[in-house]
2 protein chains.
Amino acid sequence: MSKLDESLLTGLPPFSRLSRGEVREILDQATPRRYPEGAAVFREGTPAERFHLLLDGFIRVVRTTPEGEQVIALHIPPGQLFGIAPAMGRDTYPATAVAAAESLALGWPVRLWGDFNTRYDGFTTETFRTIGARLGEFQTRVTELATQAVERRVASALLRMANQSGRATEAGIEIGFPVTRADIAEMTGTTLHTVSRLLSAWEREGIVQSARRRITVTAPHRLVVLSGAAT
Amino acid sequence: MSKLDESLLTGLPPFSRLSRGEVREILDQATPRRYPEGAAVFREGTPAERFHLLLDGFIRVVRTTPEGEQVIALHIPPGQLFGIAPAMGRDTYPATAVAAAESLALGWPVRLWGDFNTRYDGFTTETFRTIGARLGEFQTRVTELATQAVERRVASALLRMANQSGRATEAGIEIGFPVTRADIAEMTGTTLHTVSRLLSAWEREGIVQSARRRITVTAPHRLVVLSGAAT
DNA sequence: CGGTGCCTTGATTTTCATCAACACCTGTGG
DNA sequence: CCACAGGTGTTGATGAAAATCAAGGCACCG
């Protein structure tokens, strides 16, 4: 296996304060892997053996209910740690992680977690920060699900994806990975039918454009209004 | 101010691996405070100056939407850290914490957070564990809100409270702090009317008993069935 | 060129929020 | 001691939002 380049990590928050040598050490213990779209990095309920860092692509974190319904809990952008619940003292993964688009990730055995925290300055702090952000996002989602109507939730979900992963095109902001109506339904706790109706309506009004599995937000400000952020 | 007794902390996870002297150090820097029922420990959006440990009572973590609706995000049981988001790199509190029952908590200035992590063995690990558990709970709530009908959500909320704070009585498990129908509505994203109807129905069926602001679960197994955990 | 996955749209039904009215308990102050 | 106010809880009637049921179309892949 060829050596990984150190520049992969130096810019990223969890490792930004480390020396070249330290980054080298960390990289030498990592296993890089490519995940084609749809491939699972790990599955809910399986023994939690590794934690990961996403270098490129997008990871979708999914939970399945006993009844077989799926809920998309989170999207992980490049540069973030994921699958770190094991590092928090769990012995199985609490959710499934699948590649939402072709992805590249590093993985480390979970036994290194303690080392990373004690040896590398800033790693703990930055990890707390990441988790804090994630907790915040969950809190927001709970609040949304509990208080807002479907239309607002869908608008918020689109905006979140556009912000996290959007690419500017001449038509507007295109979401950076393939999304189906069913995906959006699983993010917002509704059905693909309702999502389809909403997107059709928004397309008629010129707020979004959508091709098969690709969505472009053409009028973000109007979506913001629909999402209820305004008062 | 009289010195706090060291036995307050020795049993608790974040401090369990520390020596007597270390516990003493930590206690000497803490400010203890009593919060009567309904009092706020801190408020959403205010500068995050301290983090806390609940010694006794119950803390309710509440978020308010721009429209003024409230959502109860979490209940904190004794022995847990709370208000630690500032320690994760935020400068304001993301939610409000109020005492759900008369409570006693210690508080430390947030600048000590770094010290605690570097100086005290096990503190970081245990904190990650706590946060991991909390993330897990949020994930569960999101899943519930997204997929389950109101009746199931209310059943789950009651069970969660009974598990976290229940006291065994001869009638059944009594929830350890006062709860109104409106509170349950704010936990489950419904209205107090719907909650009232459900509780009335369950009371007729002998699943719960309720007096003003006190709820006792008399047939937990039947609630579990209603919550949909069974298959 | 057939099949599967993705998307759309209409009709019907269900769940739950909303509107409305009232009853009860508890503590407070006259 | 009693009246009464405010917080709490109940229950019925109505309506709207969104799920479910149903059917079909289109595009991409092998």
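Computed from a predicted structure; not experimentally measured.
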- Query: Taking atom types as they are modelled, is there a donor-acceptor pair under 3.5 Å from the base of D:dG9 to the side chain of B:Arg212?
  - Reply: no

- Message: Rounding to an integer number of Å, can you tell me how far A:Leu199 CG sits from C:dT9 C1'?
- Response: 14 Å

- Task: Starting from C1' on D:dG9, measure out to CD1 on B:Ile215 and report it in whole angstrom.
- Result: 11 Å

- Reckon A:Thr180 touches a base, only the sugar-phosphate, or nothing at all at heavy-atom distances under 4.0 Å? sugar-phosphate

- Query: Would A:Leu199 and A:Leu158 satisfy side-chain contact (heavy atoms from CB on, under 4.5 Å), going step by step from the backbone distance to the final call?
  - Reply: CA-CA 10 Å; A:Leu199 285 183; A:Leu158 282 184; 3.9 Å; yes

- Just how far, in rounded Å, is C1' of C:dC6 from CG of A:Asp183? 11 Å

- Message: Under 4.0 Å, heavy atoms only, any strand: does B:Arg213 hit a base, just the sugar-phosphate, or nothing?
- Response: sugar-phosphate

- Query: Atom CD of B:Glu69 and atom P of C:dA17: how far apart are they, to the nearest Å?
  - Reply: 11 Å

- Of the listed D:dA18, C:dT18, D:dT10, the closest approach to the B:Arg181 side chain comes from D:dT10

- Item | Atom pair distance, as rounded to whole Å: CG in B:Leu192 and P in C:dA20 | 16 Å

- Task: Describe the nucleic acid contact of A:Ala182 in one word from base, sugar-phosphate, nothing, applying a heavy-atom distance below 4.0 Å.
- Result: nothing

With a cut-off of 3.5 Å and sequence neighbours excluded, list every side-chain donor-acceptor pair involving residues 47-57 of chain A.
none

- Task: Establish whether the base of D:dG12 is bridged to the side chain of B:Arg197 by a donor-acceptor pair shorter than 3.5 Å.
- Result: yes

- salt bridge (charged side-chain N to carboxylate O under 4.0 Å, His left out): pairs with one or both residues in residues 180-193 of chain B, sequence neighbours excluded: B:Arg60-B:Asp183

- Task: Decide yes or no, distance alone: a donor-acceptor N/O pair under 3.5 angstrom between the base of D:dT20 and the side-chain of A:His193.
- Result: no

- Partner of B:His75 under ring-ring contact (aromatic ring centres under 6.0 Å, His included), chosen from B:Phe177, B:Phe82, B:Phe58: B:Phe177

- Message: What's B:Ser210 touching, base or sugar-phosphate or nothing? Going by heavy atoms closer than 4.0 Å.
- Response: nothing

- d(CG, B:Leu198; P, D:dT10) in whole Å: 11 Å

